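Have a look at the structure below, then the notes.
Keep in mind it's a predicted model, so treat the numbers as computed, not measured.
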Amino acid sequence: AFALAVPVAKRELASWAPLQNPELVVSMLVTWNPLMETNLQRGQVFCESIFLPSLRATLCTWEVEDFEPCLKLFESCRQAMPAMTVDALAEQVLLPRLQTRLKSWDPRHDAVPAHVWI
């Protein structure tokens with residue numbers, strides 16, 4: 001069943017913009033939930049192979065100061081994806097982006113205070 005689900009899910013996500021439509025992760029995973037509940041490990045692999053590439057690519061180009069869409073995206077991911085997967089995404093992509101931006105933040109030139117987007 002997973003072998004059939006992966007191409008279908010990838011096709012459905014081809015035009016997904018995670019920051020503009022974060023709820024799609026929840027609605028899509030609700031559809032696939034019965035399949036994932038039968039084998040939690042496969043469910044995690046499913047999330048990692050289907051959603052993580054889009055999420056990583058989006059977060060690598062995300063403007064850190066525009067934090068609200070990212071918050072909504074992570075809230076949606078927390079509702080639908082295994083906690084280990086979401087934690088790894090935050091640890092491997094989100095936190096390094098925040099650290100890099102914070103190091104380059106300059107109060108003389110940046111209009112948005114750092115405490116607003118951290």
Legend entry - With sequence neighbours excluded, residues passing side chain to side chain contact (heavy atoms under 4.5 Å, CB included) with Ala90: Phe74, Leu94
Legend entry - Same cluster (ILVMFWY, side-chain, under 4.5 Å), Val112 and Leu102: yes
Legend entry - Partners meeting side chain to side chain contact (heavy atoms under 4.5 Å, CB included) with Arg78 (sequence neighbours left out): Ala83, Val86, Asp87
Legend entry - Leu52 reachable from Leu95 in the ILVMFWY side-chain graph, under 4.5 Å edges: yes
Inset, instruction - For Gln92, check side-chain hydrogen bond (donor to acceptor under 3.5 Å, both in side chains) against everything at least two apart and list the hits. - result: Arg56
Legend entry - Atom pair CD (Glu12) and OG (Ser27), whose distance is rounded to the nearest 0.5 Å: 9.0 Å
Legend entry - Any Arg97 side-chain heavy atom under 4.5 Å of Leu59 side chain: no
Legend entry - Positive for side-chain contact (heavy atoms from CB on, under 4.5 Å) with Met81, one of Val26, Val25, Leu89: Val25
Legend entry - Taking every non-hydrogen atom, the tightest pair across Pro113 and Ala111: CD-O, 3.5 Å
Inset, instruction - List the steps, then state whether side chain to side chain contact (heavy atoms under 4.5 Å, CB included) holds for Thr100 with Val64. - result: CA-CA 10 Å; Thr100 300; Val64 174; over 6 Å; no
Legend entry - For Pro18 against Ser54, the heavy-atom pair lying closest together: CG-O, 4.1 Å
Inset, instruction - Walk me through it: do Leu55 and Trp16 pass the test side chain to side chain contact (heavy atoms under 4.5 Å, CB included)? - result: CA-CA 10 Å; Leu55 293 171; Trp16 180 42; 3.7 Å; yes
Legend entry - Expected output: side-chain Asn21 to main-chain Ala17 donor-acceptor under 3.5 Å: no
Inset, instruction - Kindly compute the distance separating CZ (Arg101) from CD (Glu63), expressed to the nearest 0.5 Å. - result: 8.5 Å
Inset, instruction - Answer yes or no: does atom CD of Glu65 have more than 12 heavy-atom neighbours from other residues, nucleotides or ligands under 6.0 Å? - result: yes
